[in-house]
Protein chains: 2
Amino acid sequence: MAYVTIRDVAQRAGISVSTVSRALNGRGRISPETKKSVERAVEELNYIPDSRAQAMRSSKTKTVGLLVPDIRNGYFADLAYAIQDTLFKAGYCTFIGTSSESVSLQDSFITSILSQHIDGAIIVPQGEYSDALHLLNTRKLPVVFVDRTAQGVEGVPLVDSDPMPGIREALNDIKDHGFAKVGYVSGPILDSPSLQGREYAFRDLAARIFGEEHVFVESTSFNQASCASVLKRMRQSGVDALIFGYSPDAIRAISLLTYAGEQVGKDVSIVSFDDLEIFRLISPQISVISQQVQEIGRRGAELFLDMVDGKRQSQSQRVETIYIPRASVGQAR
Amino acid sequence: MAYVTIRDVAQRAGISVSTVSRALNGRGRISPETKKSVERAVEELNYIPDSRAQAMRSSKTKTVGLLVPDIRNGYFADLAYAIQDTLFKAGYCTFIGTSSESVSLQDSFITSILSQHIDGAIIVPQGEYSDALHLLNTRKLPVVFVDRTAQGVEGVPLVDSDPMPGIREALNDIKDHGFAKVGYVSGPILDSPSLQGREYAFRDLAARIFGEEHVFVESTSFNQASCASVLKRMRQSGVDALIFGYSPDAIRAISLLTYAGEQVGKDVSIVSFDDLEIFRLISPQISVISQQVQEIGRRGAELFLDMVDGKRQSQSQRVETIYIPRASVGQAR
DNA sequence: CTGAAAGCGCTTACAG
DNA sequence: CTGAAAGCGCTTACAG
C-alpha cells in the first residue's frame, strides 16, 4: 500500500470517486456532510493526490527542469537555490541536473526531464547549439535561459547581468588609487557569450578611462597553468591592477600570488567578478563586481512563472552589476 | 503540439498503438519492417515516451526526492552533486529541495514530492520527529538518510561518517606539535545527532590522549556572537589549539581571529571538520578532518538504488573520516 | 447534490 | 506477428 488512491478515500467515505474529486477541488456543489466525511477519510488515510494522474488530464505537471553547469560552484549554487526557492513557493517541484559543462550531459538531462513531462525549464546553457535545446524550444515549452545564452537557439528569453555598471565603478576605483595601467583576465571565453560580453564591456570602458595603450587583456583556458602564465606576462608588462572576469581564475591567481610571496592589496591589486563567500572571508577581502545572483535567480524563476501562465513571452531582462570595494585594491606605488 | 504521443507515432507508422509500444519496449515479436517504420516515425517526430503515463502502469516513476538543508553550503553542494550524479547515471531524475534547516519546509517538500509519486527519497533530515518523515516511512518507500539521522523515525538506513579516525589523527598531530591542552567547539549540537556524535568521539579520544583536565569543550548556537564568546573563553583558559566540529564556526572563528590580529598557525592552531574549498585557498591552509563527502553521497545513492531493486534493507554504512594536516597547526609555544 | 462514463498516454494480457 | 480492450489514478462534462 505504498500509495493511497482516490478510490481508497471514496470507499472509506462511502461515496463515489467523482464526488471525492469534486470535494477536494471545490468544484460544483457538495453538501457539507459529504465534504466533512471526505476530509476525515483523507486525514485518516493520509491521502495525497497523484499529481501525475492529475497532470494527464490537465497537462500541467507542476514540475520544472533546472540545469546548471555545476552546483559545487558557489555561484551556481546560489543561483540554483534562488530559483528552486522561488519555484517551490509557487507550487512547483524542481528537477535538478548538472551538465558539468558538457553538451552531451546537458542533452541527456533534457531528454530525461522531457520524458517526465515538465512544464518547462530554466537553463544555464552549454556551448552553442544542441539538439535537445533545440527540441525543447520547438516543443514551445516555456524555457528561460539564465546567466548566459546559447547561440543558434531563437526566441528564448535570457536573464543575465549587465557587466557595464560594475566594471565602470571598478575601473574608477582603480584609477582613483593611482594606477596608470589596468589588466583584464577574461577566462575561458571561447564558448561563453557572457564572458565575451564582459571582455567587450571592459575594453570599451577601460580604453575610455585609461587610454587604449594602457589596457591589457588576456584570456585563459580551463587549466591552472594558463592562469599562471597569463599572470606572469601581465606583471612583466608592469600591470599591477587586475580585474578577473571569471572568478575561478581569481581564486587561482590569489593562491599563486600568495605562494609567490606577493601581497594582494599591496604588490598587486585585484578585483574579481562574483561576490563569493570566499572573497569576504580571506584576508585581505577581495573587491568584487557582484552580479547579484540571487536577484538573477529570482527574476529568472518569476519570468518563467509568467510564461507558464501565458502572461509574457521572450522578455529578456538584465540585472545591473554592482561594484563592492574592499581591501584588495590598494594604493599604486 | 507541446508533446508528441504514442498515438502520433502509430498514426505516422500506420499501425496500432499497442504494436508501437511493443516495438519500443522490445516485448513480444515484431517484424523487422514494422520495427523500422516505428523507429523512423519516432525519429521524425522526436517522440519521447511520457514516463508519467508509463509510471501509472508500472508504478515506477524513475524519480527520487533529494532534500538537503542548504545547497549554498559547500558541504551539502558536494553531497547533492554526488547523489544527483550517481542517480542520474542510473536513470533517475532528482527532485531537489532545500529545507533551510526548518522542519515545516522539509515537510512541505516531502508532501510535494510524494504527490509526484517519487520512487523514494534521500534525505538529510532536520530535527527529530516530523510528520512527513513519518509518513514517508510508513509508506514503505525506500528512504535513505545521509549525513545525519532523525530521531523518532525507525528503520531508515543512514550513511554518515565515522568521526573517530579523523579526530584521533588530528589530536595526535596537535599533541606532536607540543600542545598540552586542546579545545573543541562543537557547533549547534542541540538537534544534530552527528554533531553530538563528534563531540562524544572527541571527549573520549581527547581525554585518553591529553588527560581529562586538559580538554575543553563548548558548543555554539547559530549566530556569530556565540562563536566569538566561546572563542574568547577558550583563549582565556589558555587553549591555543582548537578543533571545530562545525565548519561554519571555523570560518567565523578564522575571520574573527584575523580581525583581532591573531595569526592562525602561530598564535592559534586550528583544525576544522569538512574539507571545504575555502580551507585550501586561504593562507595558511587549514588542517581538516574530511568526511569524504563525495564518497558519502555516492554510497548513499547506491544504497538507495539497491533498496529500490529490493536488494537490501536498512544497512547503514559509515565512511571513515580522514585527517589532512596543513599549515594551520603550528608549533606550541 | 451525486454517480457513471469517458478519456489523459501508456502497457499488457488476450484474441486472432 | 498485430490489434482491440482494459486499466493505472485522476477530472470533467453529462445525466439524474
Side-chain angles (χ1 to χ4, degrees), chain A residues 1-39 41-42 45-63 112-119 139 141, chain B residues 1-39 41-42 45-63 112-119 139 141:
Chain A
M1 79 107 226
Y3 282 105
V4 176
T5 76
I6 197 175
R7 187 170 302 169
D8 300 323
V9 176
Q11 217 150 41
R12 183 88 163 208
I15 52 176
S16 80
V17 163
S18 19
T19 305
V20 173
S21 174
R22 250 176 267 116
L24 255 26
N25 297 303
R27 288 204 197 297
R29 17 193 96 259
I30 21 100
S31 75
E33 305 93 71
T34 313
K35 182 152 189 166
K36 278 269 154 52
S37 68
V38 168
E39 277 162 4
V42 165
L45 298 170
N46 282 312
Y47 170 67
I48 300 174
D50 180 350
S51 64
R52 287 161 27 262
Q54 293 179 317
M56 292 195 58
R57 304 213 37 52
S58 72
S59 78
K60 285 283 165 254
T61 57
K62 286 290 185 177
T63 268
S112 282
I113 55 176
L114 233 26
S115 88
Q116 297 288 349
H117 270 223
I118 46 165
D119 290 342
R139 288 279 166 88
L141 284 173
Chain B
M1 78 106 225
Y3 281 104
V4 176
T5 76
I6 197 173
R7 187 170 304 170
D8 299 324
V9 177
Q11 218 149 40
R12 183 85 163 213
I15 54 176
S16 80
V17 164
S18 20
T19 303
V20 173
S21 173
R22 250 176 266 117
L24 255 26
N25 298 302
R27 286 204 200 298
R29 18 193 95 259
I30 22 95
S31 76
E33 307 93 71
T34 313
K35 181 150 191 169
K36 278 270 154 53
S37 68
V38 168
E39 278 161 4
V42 165
L45 298 170
N46 281 312
Y47 170 67
I48 300 175
D50 180 348
S51 64
R52 286 159 29 262
Q54 293 179 316
M56 292 195 57
R57 304 210 44 42
S58 72
S59 79
K60 285 284 164 253
T61 56
K62 286 291 187 178
T63 267
S112 281
I113 55 177
L114 232 26
S115 87
Q116 297 288 350
H117 271 223
I118 47 164
D119 290 343
R139 286 279 167 89
L141 284 173

Between B/Arg57 and A/Arg57, which has a closest nucleotide on DNA chain D that is more 5'?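 With B/Arg57 and A/Arg57 compared, the 5'-side residue is B/Arg57.
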Pick the closest DNA chain D nucleotide for B/Thr34 and for B/Met56 by heavy atoms, then say which residue is nearer the 5' end. B/Thr34
So, for [X] and [Y], which heavy atoms are closest and what is the spacing to 0.1 Å?
| X | Y | result |
| --- | --- | --- |
| B/Ala55 | B/Lys60 | CB-O, 3.3 Å |
| B/Asp119 | B/Lys62 | OD2-N, 2.7 Å |
| A/Leu114 | A/Arg139 | CG-NH1, 4.1 Å |
| A/Leu141 | B/Tyr3 | CD1-OH, 3.4 Å |

If C/dA4 has a Watson-Crick or G-U wobble mate with both distances under 3.5 Å, name it; if not, just say none.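 Check on C/dA4: unpaired, no WC or wobble geometry under 3.5 Å.
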Can you tell me the pairing partner of D/dA13 across any strand shown, Watson-Crick or G-U wobble, with both distances under 3.5 angstrom? none
Span that lies between the P atom of D/dG7 and that of C/dA4, in whole angstrom: 16 Å
Tell me if the side-chain of B/Arg22 makes a donor-acceptor pair with the base of D/dG3, cut-off 3.5 Å, by modelled atom types. yes
Look at the side chain of B/Ser18 against the base of D/dA4 and say whether a donor-acceptor pair falls under 3.5 Å; ignore hydrogens and angles. yes
A/Thr19 vs C/dG3: side-chain N/O to OP1/OP2 distance below 4.0 Å: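 Yes, such a contact exists.
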OP1 or OP2 of D/dC10 less than 4.0 angstrom from a side-chain nitrogen or oxygen of A/Tyr3, does that happen here? no
Give a yes or no answer on whether the side chain of B/Ser31 reaches the backbone of B/Thr34 with a donor-acceptor pair at less than 3.5 Å.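 Side chain of B/Ser31 to backbone of B/Thr34, a donor-acceptor pair under 3.5 Å: yes, one is there.
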Classify [X] by what it touches in the nucleic acid, base, sugar-phosphate, or nothing, heavy-atom distance under 4.0 Å.
| X | result |
| --- | --- |
| A/Thr5 | sugar-phosphate |
| B/Ser31 | sugar-phosphate |
| A/Ser51 | nothing |

Could you state the [atom1]-[atom2] distance from [X] to [N], rounded to the nearest angstrom?
| X | N | atom1 | atom2 | answer |
| --- | --- | --- | --- | --- |
| A/Lys60 | C/dG9 | NZ | P | 13 Å |
| B/Lys35 | D/dC1 | NZ | P | 12 Å |
| A/Arg7 | D/dT11 | CZ | P | 13 Å |
| A/Glu33 | C/dC1 | CD | P | 9 Å |
| B/Gln54 | C/dT12 | CD | C1' | 13 Å |
| A/Gln116 | C/dC10 | CD | P | 13 Å |
| A/Leu24 | D/dG9 | CG | P | 16 Å |
| B/Ile6 | D/dG7 | CD1 | P | 19 Å |

Do B/Val4 and B/Ile48 have side-chain heavy atoms sitting under 4.5 Å apart?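 They are not in side-chain contact.
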Against the side chain of A/Ile15, the closest entry in C/dG3, C/dC10, D/dC10 is C/dG3
Ignoring the backbone of A/Arg27, work out which of C/dT11, D/dT11, D/dT12 is nearest its side chain.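 Out of C/dT11, D/dT11, D/dT12, the nucleotide with an atom closest to A/Arg27's side chain is D/dT12.
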